[in-house]
Amino acid sequence: MTDSPRTSSANMPQTGSTTVQSATTKKKLGPVLVQLQHVNKWYGDLHVLKDVNLTVRKGEVVVMLGPSGSGKSTTCRTINRLERIDSGTILIDGKKLPQEGKALQKLRQSVGMVFQSYNLFAHLTILDNVTLAPRHVLHMPKDQAQKEALELLHRVGVDGQAQKYPAQLSGGQQQRVAIARALAMHPQVMLFDEPTSALDPEMVGEVLNVMTDLAHQGMTMICVTHEMGFARHVADRIVFMADGRVLESESPEEFFEHPKTERAREFQSKILGH
Amino acid sequence: MRSIGYLLTHYDVLGAFGVNLQLTAWSVLFSLVLGIILVLLRICPVRSLRLFATGFVNLFQNLPLTIVMVFLLLGAFVQLRFQFSSNFSTNFFWFAVTGLSLYTSAFVCESIRSGINTVPLGQAEAARSLGLGFFQSATLVILPQAVRGSVAPLGNTLIALLKNSTVASAAAVSTETSSLMNTMIQYNASSIVSVFLIFALGYVILIIPIGLLTTWLSNKLAVRR
């Protein structure tokens, strides 16, 4: 039951209490790693993040769910400051997120990011995509960077494509390379901004498998996704957002079996109803 | 009426084209370097540097080249007594290169900037999220793709530069093609059509390969997405 959470809860969806038990004992969580306190953001008059509070502990896998435009992607992007915030505080490993300059670069090294549209560097080979940042940011020697890159590419199952260019790979392969590229910087936390939304349905699984492996290896992850299976079985906690607010922050079992808010029930009925 | 053969043997036409090619070659080098610096300034996060580069580009894009040349001579040489060399023709050659480079760098900058617009925003976001700074993102990720995307406009700029090199006569470079053409017309007024044909054909022969080369290069170097 412990090694295969996927089948166990699929077989017994009604026994909510036992699965809650297993989820809480599944993993020992470390100290607080990412903390958002009273974060607000406006696009002009549009209030897109409304007093968002979020605490992520080391080793925790947080999945953010919610309807489009609910602010979940924006929240994810504020964590490495691809989006600036108008008020509030973001702490990473206890340190305040710097506004810009060298300190921000330093911090971004410890926060890996995977995008919906992969964003692999189109003019570089797969291998160079993965080694670029270690070589130029961490000043790692070329040999070592390539050795580590090939290990990472092997881990995500695309080591055979190292000399190809991104456009020669399928979407699923590109996204797995993007994960390897982010991992090459040895980040403390990984952000996934709808990593499977742009993929052909057949390729979603291979990316989710890599993410699941990563979760089981203890990586701290914040994932914005619409993959309910992944949310239910891999997440330690579901954060449900709507209209720029965090409405629920619960274990997956609690969230899916006993949603507290009307908005979350409505969301679930729409996506799980068919 | 003189034959084309007579004109070609009695005047150093090849030498004159050589001068234009030399002017162009040096100006390509300097305007590319300056153009890339300008484009870096135009996209950099520091507002004052952006403003400076925008001002520079707009100034040189909108000034006629002849005026740039004459201003350089009158201002830098006559007024400020600045000179590259005590040798007259060497001195004016480098003034012409300076004028051409300043002028062309503005167009190089705008060509590359048009290439930057072909690079998706996600490329810069990915670079930043990996911890690369502005300069590293620009030189390792954005510019390599932007330059590949701007080969065609850069080729057009190069063609314009080669033709513009005839304006070097305004900077008192007397050995280049348009000066030689004037001299030849002066002494062979009856053969004016032949003289025109020689220079027109000369430029066509030089420029058509550039056009073919840039078309080929822009396909070959295009970034596949």
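Note on naming: letters A, B, ... go to the chains in the order of the sequence lines (proteins, then strands), and numbering restarts at 1 for each one.
The candidate with the highest count of non-hydrogen atom pairs below 4.5 Å against chain B, out of A:His136, A:Met185, A:Gln168, is A:His136.
Open room surrounds CH2 on B:Trp26; 12 or fewer heavy atoms of other groups in view lie less than 6.0 Å from it. Crowding of A:Glu202 atom CD: a count of heavy atoms from other residues, nucleotides or ligands under 6.0 Å not exceeding 12. Residue A:His186 places its NE2 atom among more than 12 non-hydrogen atoms of other residues, nucleotides or ligands, all under 6.0 Å distant. Enclosure of atom CZ in A:Arg84 is not indicated, since only 12 or fewer non-hydrogen atoms of other residues, nucleotides or ligands lie within 6.0 angstrom.
Scanning both residues, B:Gln123 and A:Ala122, for their nearest heavy atoms gives OE1-N, 3.5 Å. Here the closest non-hydrogen pair linking B:Ala126 and A:Phe121 is CB-CE2, 3.9 Å. Across B:Leu132 and A:Ala133, no two heavy atoms sit closer than the pair CD1-CB, 3.9 Å. A:Val137 approaches B:Gln136 most closely through the heavy-atom pair CG2-OE1, 4.1 Å. Nearest heavy-atom pair across A:His123 and B:Val223 is N-CG1, 4.1 Å.
The backbone N or O of B:Ser129 sits nowhere less than 3.5 Å from a side-chain atom of A:Asn80 that would complete a donor-acceptor pair.
Heavy atoms closer than 4.5 Å to chain B are found in the side chain of A:Leu132, but not in its backbone. Using a 4.5 Å cut-off between heavy atoms, B:Ala124 does not touch chain A at all. For A:Arg77, the part lying under 4.5 angstrom from a heavy atom of chain B is the side chain only. With a 4.5 angstrom heavy-atom cutoff, A:Phe115 touches chain B only via side-chain atoms.
Rounded to the nearest 0.5 angstrom, A:Gln105 CD and B:Arg128 CZ are separated by 11.0 Å. With rounding to the nearest 0.5 angstrom, the CZ atom of A:Arg181 is 5.5 Å from the CG atom of B:Leu130.
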